Undergrad: 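Let me give you the structure first, and then I'll get to my questions.
Letters go in sequence order (proteins before strands), and every chain restarts at 1. Just so we're clear, the structure is a prediction, and the values are computed from it rather than from any experiment.
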Amino acid sequence: MAQAPSLQDSLLAWFSEHGRNLPWRREYQPYHVWLSEIMLQQTQMERVLAYFPRWLAAFPDLASLAQAEEQEVLRLWEGLGYYSRARNLHQTARILHRHHNSTLPADHAALLKLPGIGRYTAGAIMSLAFNLPCPIVDANVERLFARLFNLAEPVKAKSSQAFIWGKAEELIPPGKARLFNQSLMELGALVCQPRAPKCAACPLRLHCAALARGLVAQRPVAGKARETIAIRMVTGVLSHRGRIFIQKRLANDVWPNLWEFPGGVIEGDETPEEALRREYLEETGFAIHRPEKLLDLKHSYTRYRVTLHCYACRLAGSATRPRLAAAQEYRWVTPGELGHFAFPAPHRRLIDRLGAGLAQ
DNA sequence: AAATCGTGGTT
DNA sequence: TAACCAAGATT
């Protein structure tokens, strides 16, 4: 009687047929693998497919990234979120340019010391770029294993994590870490999906403990979700003699080193106009007048759900030099120059919506 | 070690 | 539509 195919063989066969043809899967250049893994953190594939080639056109290799200006790096990352990823890419490129001949080390411990590279990404570079037997566990693998091994504990629990990482390491077929690790994630992304897993099409259906017990829909067990917080914010586009005031945010805050229009949270029973005047005074020392309502924008970051009230406004006095309290730098720029600076997504949307109407 | 960091798409 | 989700790292 013939032996049933192993889990590994079934998975690898499935991947060779159904694996997507992604830009970083052509030659598995370490720089491409590293960049794609950083971009993919907490980010949808479709968005990365848009940003990845644009980034490579600007920074074709690690050395060119090392020599770039930070603002250029942030401008290319604008809209992807989690901006520390971009600053860490840049910083790591500079470290490797100085000390490692502009190459990524094939060394797990050395990778872990680099900014922005944690356990997952170090394993991804080791296995995908160098085909070395290091495990990787991302949200796909967590979900897949929670079902495959029918884990009743929350996947984020310490015991579950230890089990999953252990299995991920133990299952790697000798010499096939690159294909195996990708096939695990790919199966999670394409078949073992969060809401509607396609169990009938799964190459591992005969190995799946949750499927055998009818518990697929109840795996993985999630932890408790944190509450979301609704807040109202205000921002104002201050224009003066055809120029617009922008300021560069502090390095240790939300949106570090990105540029913005001043503004902030609407407190208590303030009206948006009152909050705008107060924020401008606090952040820049400017007294503003004639705030004119433009539009409301909805956006959200981490646990906050924000309604952003957007205004146009003018200087009440004649002084154009601010006293910065919430920023490290400022500029008076023409509307055309706004494209050279990296803005948070809602501020960029505001710029786009205003279009030709800016600074009139 | 729980909280924080962004964003846009889906349900 | 509010909640959930996406190839995590850092402090």
Undergrad: In whole Å, what is the span from the OH atom of A:Tyr301 to the C1' atom of B:dT4?
TA: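 Going from A:Tyr301 (OH) to B:dT4 (C1'), I get 11 Å.
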Undergrad: P atom, C:dA9 versus B:dG8: distance in rounded Å?
TA: 22 Å
Undergrad: Any base atoms under 4.0 Å from A:Ala345, or only sugar-phosphate, or nothing? Heavy atoms, all strands.
TA: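 The answer is sugar-phosphate, as A:Ala345 gets under 4.0 Å only of primed atoms, P, OP1 or OP2.
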Undergrad: Report the distance from atom NE2 of A:His347 to atom P of B:dT7, rounded to the nearest whole Å.
TA: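 After rounding, the gap between these two atoms is 9 Å.
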Undergrad: Mind calculating the distance between CD (A:Gln161) and P (B:dA2) to the nearest angstrom?
TA: 13 Å
Undergrad: Is the terminal nitrogen or CZ of A:Arg119 (NZ for Lys, CZ for Arg) located under 6.0 angstrom from the six-membered ring centre of A:Trp165 and within 45° of that ring's axis?
TA: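 Yes, A:Arg119 lies over the aromatic ring of A:Trp165.
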Undergrad: Using 30° and 60° as the class limits, which term best fits the ring planes of A:His347 and A:Phe343: parallel, tilted or perpendicular?
TA: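 Aromatic pair A:His347/A:Phe343 classed parallel.
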Undergrad: Between A:Tyr82 and A:Trp77, does the ring pair (Phe, Tyr, Trp, His ring centres under 6.0 Å) criterion hold? Intermediate values first, please.
TA: CA-CA 9 Å; A:Tyr82 289 130; A:Trp77 199 268; 9.9 Å; no
Undergrad: Mind calculating the distance between CZ (A:Arg303) and C1' (C:dA2) to the nearest angstrom?
TA: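 Taking CZ of A:Arg303 and C1' of C:dA2, I get 16 Å after rounding.
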Undergrad: Does the side chain of A:Arg143 come under 3.5 Å of the side chain of A:Asn140 through a donor N or O and an acceptor N or O?
TA: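 Side chains of A:Arg143 and A:Asn140: pair found under 3.5 Å.
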Undergrad: So which protein N/O to nucleotides 7-11 of chain C N/O distances come out below 3.5 Å?
TA:
residue : atom : partner  : partner atom : Å
C:dA7   : OP1  : A:Asn140 : OD1          : 2.5
C:dA7   : OP1  : A:Asn140 : ND2          : 2.2
C:dA7   : OP2  : A:Asn140 : OD1          : 3.4
C:dA7   : O5'  : A:Asn140 : ND2          : 3.0
C:dA7   : O4'  : A:Asp138 : OD2          : 2.5
C:dA7   : N7   : A:Glu37  : OE2          : 3.1
C:dA7   : N6   : A:Arg25  : NH2          : 3.0
C:dG8   : OP1  : A:Ala139 : N            : 3.3
C:dG8   : OP2  : A:Gln42  : N            : 2.8
C:dG8   : OP2  : A:Gln42  : NE2          : 3.2
C:dA9   : OP1  : A:Gly118 : N            : 2.9
C:dA9   : OP1  : A:Thr121 : N            : 3.0
C:dA9   : OP1  : A:Thr121 : OG1          : 2.6
C:dA9   : OP2  : A:Tyr120 : N            : 3.4
C:dT10  : OP1  : A:Gly116 : N            : 2.4

Undergrad: Between C:dA6, B:dC5, B:dT4, which nucleotide gets closest to the side-chain atoms of A:Thr302?
TA: B:dC5
Undergrad: Any chance you could lay out the ring pair (Phe, Tyr, Trp, His ring centres under 6.0 Å) test for A:Trp24 and A:Tyr28, step after step, and finish with the verdict?
TA: CA-CA 6 Å; A:Trp24 46 91; A:Tyr28 294 101; 10.0 Å; no
Undergrad: Can you tell me if A:Lys113 has over 12 outside heavy atoms packed within less than 6.0 Å of its NZ?
TA: no
Undergrad: Between P on B:dG8 and CZ on A:Arg348, what's the gap in Å once rounded to a whole number?
TA: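 Atom CZ in A:Arg348 sits about 12 Å away from atom P in B:dG8.
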Undergrad: Please assess A:Phe245 against A:His240 for the test ring pair (Phe, Tyr, Trp, His ring centres under 6.0 Å), listing each intermediate value before the final yes or no.
TA: CA-CA 8 Å; A:Phe245 182 83; A:His240 179 68; over 10 Å; no
Undergrad: Side-chain N or O of A:Arg85 less than 4.0 angstrom from OP1 or OP2 on B:dC5?
TA: no
Undergrad: Rounded to the nearest angstrom, tell me the gap between atom NZ in A:Lys224 and atom C1' in C:dC4.
TA: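 Answer to the nearest Å: 18 Å.
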Undergrad: Roughly, in whole Å, what's the span from CH2 in A:Trp255 to C1' in B:dT7?
TA: 10 Å
Undergrad: Is a donor from one side chain sitting under 3.5 angstrom from an acceptor on the other, for A:Gln247 and A:Gln328?
TA: no
Undergrad: Which class fits the ring pair A:Tyr301 and A:His299: parallel under 30°, tilted 30 to 60°, perpendicular over 60°?
TA: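 Plane angle under 30°, so parallel.
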Undergrad: I'd like a table of atom pairs between the protein and nucleotides 9-11 of chain B - only N or O on both sides, under 3.5 Å - with the distance next to each one.
TA:
none

Undergrad: Between atom OH in A:Tyr83 and atom C1' in B:dT4, what is the gap in whole Å?
TA: 16 Å
Undergrad: For A:Gly79 and A:Lys158, find the nucleotide of DNA chain B closest to each by heavy atoms; which residue's nucleotide sits nearer the 5' end?
TA: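 Taking each residue's closest nucleotide, the earlier one in sequence belongs to A:Lys158.
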Undergrad: Mind checking the C1' distance from B:dA3 to C:dA7? Whole angstroms is fine.
TA: 22 Å
